[in-house]
Amino acid sequence: MTTTLKDTRPTPKPGVLDIAAYVPGKESAPGVAKVYKLSSNETPLGASKHATEAYHAASARLEIYPDGQATQLKQAIAEVHGLNADNLLCGNGSDELLGLLCQTYLSPGDEAVYTEHGFMVYKIYIMAAGATPVVAREKNEQAEVDAILAAVTPRTKIVFLANPNNPTGTYIPFEEVRRLHAGLPKNVLLVLDAAYAEYVRRNDYEAGVELVSSFENVVMTRTFSKIHGLAALRIGWMFAPAHVIDAVNRIRGPFNLNSAAIAAGAAAIRDRAHVDKAVAFNDTWLPWLTEQLSALGLRVTPSVGNFLLVHFPDDAAKSADKADVYLTGRGYILRRVAGYGFPNALRLTIGSEEANRGVVAALSEFLK
Ligand SMILES: *Cc1c(COP(=O)(O)O)cnc(C)c1O
């Protein structure tokens with residue numbers, strides 16, 4: 001018998017080494033004194049003061065295990081959003097919940113669908129579960145219900161829809177989400193990833209509460225990483241039918257949220273004034289940046305989130321890669337999105353006033 005590498009050391013299960021590891025947004029610009037991190041859609045307003053206080057208070061009892069049910073946090077979410085706490089499950093970031101849903105519902109041979117420029121994390125978790133990722137094309141950088149439905153086969157078990165989507169910032173109206181759901185077989189789980197829901201100011205948008213409440217095959221995931229400014233603490237939640245909560249509960253880590261996250265998250269979601277402030281801030285600067293960048297001749301995908309997808313000219317000297325190097329040298333860190341199918345675009349998070357004005361000035365210089 002010949003000895004192969006397989007016999008000499010442990011090997012990952014099939015598929016794992018086919019997964020391309022997630023590349024997070026950069027956070028430093030070597031040699032630059034002042035850095036504006038505009039690469040991961042974090043809020044320029046920071047966390048609520050109440051959340052920071054709750055975080056510090058949690059430090060007094062670090063020897064005690066956290067509440068494995070995150071009761072205090074679920075109660076706060078339930079109150080603020082008018083939901084039944086029994087239909088909530090919290091995760092170490094919504095990323096964890098997306099992964100748990102894949103582990104719960106996908107087996108090798110199964111398929112899960114997401115859209116062409118959809119959030120990359122879906123593909124990672126689908127493959128980690130041994131299932132097959134299926135990509136539905138988009139139209140004008142927007143999810144297309146007919147294309148998603150056309151991608152569904154008898155093997156499909158999950159459809160992921162980021163609404164609004166990252167990195168495009170586009171959304172589909174609730175009527176379209178409803179039409180998507182209506183076209184899916186009852187055994188397919190529709191996962192509505194509403195990470196940016198709080199930022200959306202459109203009458204025809206809904207995050208998905210009503211669909212989850214009405215059907216057995218819809219889940220909505222949310223996060224504390226974006227508008228609540230708690231990305232460092234890793235807190236997400238999902239609103240789901242009881243049978244989904246029950247199934248996912250069986251495989252999650254028993255203490256998947258830490259005590260500081262539970263306390264700070266509860267305080268953050270109750271601080272409605274802070275959320276309102278963040279929405280108002282975004283309402284000012286999202287249109288301002290969209291106009292300013294468009295005026296520079298850059299195409300900007302219309303966004304309802306706290307970030308913009310900025311497309312660069314065909315001119316090789318003015319490419320997204322060149323712009324990235326130029327901006328990084330001046331302390332403005334944006335996100336490359338080639339992995340999302342946009343080799344000549346950068347994603348820009350709405351930052352502080354100083355960052356926003358600065359990045360426009362720097363881009364204006366770059367394009368001269
Ligand atoms: C940022 C983001 C999340 C949130 O991830 P967390 O794990 O909660 O930090 C989820 N979905 C999308 C589309 C996002 O952009």
Side-chain angles (χ1 to χ4, degrees), residues 17-30 35-42 113-127 133-144 147-148 151 160-172 193 195-196 286 289-290 292-351 359-360 362-368:
L17 298 183
D18 298 330
I19 298 172
Y22 184 82
V23 182
K26 279 187 296 188
E27 50 195 73
S28 62
V35 168
Y36 301 92
K37 185 172 185 276
L38 307 169
S39 58
S40 300
N41 299 345
E42 294 137 337
V113 178
Y114 58 94
T115 66
E116 190 180 346
H117 304 296
F119 191 41
M120 299 254 272
V121 160
Y122 309 143
K123 182 178 182 183
I124 293 175
Y125 289 135
I126 293 164
M127 291 177 74
V134 174
V135 178
R137 81 185 138 67
E138 297 188 11
K139 197 170 177 179
N140 301 328
E141 290 144 16
Q142 192 174 30
E144 205 191 358
I148 298 172
F160 288 100
L161 179 71
N163 200 31
N165 184 45
N166 167 18
T168 53
T170 57
Y171 78 107
I172 62 171
D193 177 349
Y196 300 96
L286 180 77
L289 275 167
T290 305
Q292 295 286 318
L293 297 175
S294 304
L296 292 178
L298 298 170
R299 183 169 76 80
V300 179
T301 306
S303 169
V304 294
N306 68 331
F307 56 91
L308 288 169
L309 184 63
V310 185
H311 305 265
F312 286 80
D314 286 334
D315 179 356
K318 308 289 179 202
S319 69
D321 281 358
K322 293 260 165 54
D324 186 36
V325 171
Y326 185 92
L327 292 171
T328 302
R330 281 152 190 77
Y332 300 101
I333 304 181
L334 277 64
R335 179 60 172 274
R336 293 204 194 201
V337 283
Y340 285 94
F342 296 112
N344 202 25
L346 296 174
R347 191 191 66 200
L348 167 68
T349 302
I350 310 306
V359 82
V360 168
L363 275 169
S364 166
E365 276 300 312
F366 167 74
L367 291 165
K368 266 191 190 140

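Computation of the quantities below employed the complete heavy-atom set of this structure, encompassing side-chain atoms and omitting hydrogens, waters and symmetry-equivalent molecules.
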Nearest atoms (heavy-atom pairs only) where V337 meets P167: CG1-CB, 3.9 Å
Can you name the residues that form a salt bridge (Lys or Arg N to Asp or Glu O under 4.0 Å) with R330, not counting sequence neighbours? none
According to salt bridge (Lys or Arg N to Asp or Glu O under 4.0 Å), who are the partners of K37, at least two apart in sequence or on a separate chain? E42
Could you pull out all residues at least two apart from A320 that satisfy side chain to side chain contact (heavy atoms under 4.5 Å, CB included)? F312, N344, L346
Minimum heavy-atom separation for A345 and L309, please, with both atom names. CB-CD1, 3.9 Å
Determine the minimum heavy-atom distance between A29 and I333, stating which atoms define it. N-CD1, 3.9 Å
Quick one: closest heavy-atom pair of N166 and A162, and the distance? N-CB, 4.5 Å
Nearest 0.5 Å please: distance from the CG atom of L286 over to the CZ atom of F307. 9.5 Å
Going by the rule ring-ring contact (aromatic ring centres under 6.0 Å, His included), which residues pair with Y22 if we only count those two or more places apart in sequence or in a different chain? none
Side chain to side chain contact (heavy atoms under 4.5 Å, CB included) against V304, all qualifying residues, sequence neighbours excluded: P164, Y171, V200, R202
When rounded to the nearest 0.5 Å, the distance separating CG of N41 from CG of N306 is 5.0 Å
side-chain hydrogen bond (donor to acceptor under 3.5 Å, both in side chains) filter on T170, not counting sequence neighbours, yields T168
Which pair of heavy atoms, one from S40 and one from T349, lies closest together, and at what distance? N-OG1, 3.7 Å
Heavy-atom pair of closest approach, residues R347 and S39: NH2-O, 2.6 Å
Does A317 offer a backbone N or O that forms a donor-acceptor pair with the side chain of D315 under 3.5 Å? yes
To the nearest 0.5 Å, what is the distance between CG on L334 and CG on L348? 4.5 Å
With E144, which residues qualify under side-chain hydrogen bond (donor to acceptor under 3.5 Å, both in side chains), at least two apart? R137
Rounded to the nearest 0.5 Å, how far apart are CD of E116 and CD of E141? 9.0 Å
Taking only residues two or more places apart in sequence, or in another chain, which ones meet Y114 in a side-chain hydrogen bond (donor to acceptor under 3.5 Å, both in side chains)? none
Go through the structure and list residues passing side-chain hydrogen bond (donor to acceptor under 3.5 Å, both in side chains) with Y332, not counting sequence neighbours. none
Sequence neighbours left out, what passes side chain to side chain contact (heavy atoms under 4.5 Å, CB included) with L367? Give chain and number order. L296, L298, P313, K318
Among pairs that include at least one residue of residues 335-346, which meet salt bridge (Lys or Arg N to Asp or Glu O under 4.0 Å), considering only residues two or more places apart or in two chains? D321-R336, D324-R336
Rounded to the nearest 0.5 Å, the CZ atom of F366 sits from the CG atom of L327 at a distance of 7.5 Å
Hey, can you pull the donor-acceptor pairs under 3.5 Å for the side chains in residues 118-126, sequence neighbours left out?
unit_1: Y122; atom_1: OH; unit_2: D193; atom_2: OD2; d: 2.7

Evaluate side chain to side chain contact (heavy atoms under 4.5 Å, CB included) for V359 paired with Y36, printing each intermediate quantity in order. CA-CA 9 Å; V359 82; Y36 301 92; over 6 Å; no
So how far is it from L308 CG to Q292 CD, rounded to the nearest 0.5 Å? 12.0 Å
